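Below: the structure, in structure tokens.
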Amino acid sequence: MRSTGSWACGLVLVGALALAGCTAEGAAKTATTSSGSSTPAPSATPSPSPTPTPAPTPSGAPTSGPDQDVTKPPTRPAALDGAASEDSAIAVAKYFAALVTYVTSTGEFGEWDALSGDECKFCASVREKAAAIHEAGGRSIGGAVDIGFGSAFDNGDGTFVASVELTEYPSQVVSADGAVLEDVPETATYRATMVLAQGAAGWVVEGVQVDEIDLAP
């Protein structure tokens with residue numbers, strides 16, 4: 001199991017997620033397993049993510065796999081400005097997941113800061129690592145992410161728990177003089193579980209738990 005990379009840098013459970021984590025995991029299992037013995041509460045029924053329709057790419061740039069342009073900002077979803085719902089929470093969670101590689105590669109934090117909650121340790125960890133790279137004149141290469149299945153449920157208290165599966169491809173961190181400071185040669189799959197809330201200023205990510213998924217047979 002690798003211990004570095006954009007997603008592995010903050011395997012942290014904080015805030016409201018600590019209270020909702022077990023319910024979120026149970027809801028996810030109910031959505032994907034037909035033989036479980038537990039019965040979910042009605043309010044914890046997950047809302048599956050619809051299959052996205054790929055946007056046209058006139059330039060021929062890949063939209064999945066390791067060769068994506070990680071310096072291009074991810075498309076801002078309409079859900080960020082829409083009503084709070086489980087489907088919107090999934091869209092916002094997927095967008096936030098896509099921003100991880102973007103901020104690490106570019107050092108551009110506008111959208112990241114707008115969505116990061118004050119108590120979100122994962123949010124702060126990703127920002128701190130990206131800022132350190134770019135302030136030192138370095139750069140992050142690779143680390144493209146494919147965003148997969150998402151699910152969410154409404155906690156009924158103004159917060160949503162959303163879970164997103166993603167695959168992160170190999171990456172390197174290179175110093176200003178070209179020396180390789182960090183090399184992550186493996187491809188890894190993660191599940192990011194987030195607590196989100198929509199307030200007067202818009203959506204906020206209050207906490208993130210990242211778990212590596214072992215795909216070995």
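Everything numeric here is computed off the predicted structure, so don't read it as measured data. Note that the numbering runs from 1 along the sequence shown for the chain.
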Going from [atom1] on [X] to [atom2] on [Y], what distance comes out if it is rounded to the nearest 0.5 angstrom?
| X | Y | atom1 | atom2 | value |
| --- | --- | --- | --- | --- |
| Q172 | D183 | CD | CG | 4.5 Å |
| D211 | E165 | CG | CD | 11.0 Å |
| Q209 | R191 | CD | CZ | 9.5 Å |
| H134 | T106 | NE2 | OG1 | 6.0 Å |
| F160 | S85 | CZ | OG | 6.5 Å |
| S105 | K72 | OG | NZ | 14.5 Å |

Handout entry: D157 atom CG: more than 12 heavy-atom contacts under 6.0 Å
Key = yes

What are the two closest non-hydrogen atoms of [X] and [Y], and how far apart are they?
| X | Y | result |
| --- | --- | --- |
| G142 | S171 | C-CB, 3.9 Å |
| A144 | Q68 | CB-NE2, 3.8 Å |
| F149 | S151 | CE2-CB, 3.9 Å |
| G117 | C123 | N-SG, 4.5 Å |
| P170 | P185 | CG-O, 3.2 Å |

Exercise for the section: Could you tell me whether the side chains of T71 and D69 share a donor-acceptor contact shorter than 3.5 Å? Expected result: yes

In terms of hydrophobic clustering (I, L, V, M, F, W, Y; side-chain heavy atoms under 4.5 Å; direct or indirect links), are [X] and [Y] co-clustered?
| X | Y | result |
| --- | --- | --- |
| W112 | V145 | yes |
| V70 | V103 | no |
| L115 | M194 | yes |
| L99 | V210 | yes |
| L166 | V208 | yes |

Practice task
In sequence, state the C-alpha distance, the side-chain angles, and the governing distance for S116 and F96, and then conclude on side-chain contact (heavy atoms from CB on, under 4.5 Å).
Solution key: CA-CA 9 Å; S116 297; F96 192 72; 4.1 Å; yes

Please examine the side chains of [Y] and [X], heavy atoms only from C-beta on, and report whether any two atoms are closer than 4.5 Å.
| X | Y | result |
| --- | --- | --- |
| P62 | D67 | yes |
| V92 | L80 | yes |
| I147 | V164 | yes |
| V184 | E186 | yes |
| R139 | V173 | no |
| Y102 | T104 | no |

Exercise for the section: For residues Y95 and W203, establish whether the separation of their ring centroids is below 6.0 Å. Expected result: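 No, ring centres 6.0 Å or more apart.
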
Exercise for the section: Could you please spell out the steps behind the side-chain contact (heavy atoms from CB on, under 4.5 Å) verdict for L181 and V174? Expected result: CA-CA 5 Å; L181 302 177; V174 181; over 6 Å; no

Please check: side-chain N/O of [X] versus main-chain N/O of [Y], any donor-acceptor pairing under 3.5 Å?
| X | Y | result |
| --- | --- | --- |
| Q198 | A84 | yes |
| K94 | G148 | yes |
| T167 | T189 | no |
| T159 | N155 | no |
| D146 | G65 | yes |

Practice task
Just do the side-chain contact (heavy atoms from CB on, under 4.5 Å) check on D113 and R127 with the steps written out, would you?
Solution key: CA-CA 9 Å; D113 290 346; R127 194 191 199 287; 2.8 Å; yes

Handout entry: Derivation of the side-chain contact (heavy atoms from CB on, under 4.5 Å) call for E182 and K129
Key = CA-CA 12 Å; E182 178 182 292; K129 178 179 179 179; 3.2 Å; yes

Problem - Trace of the salt bridge (Lys or Arg N to Asp or Glu O under 4.0 Å) decision for K121 with E128 - result: CA-CA 10 Å; K121 294 182 180 179; E128 180 180 358; over 6 Å; no

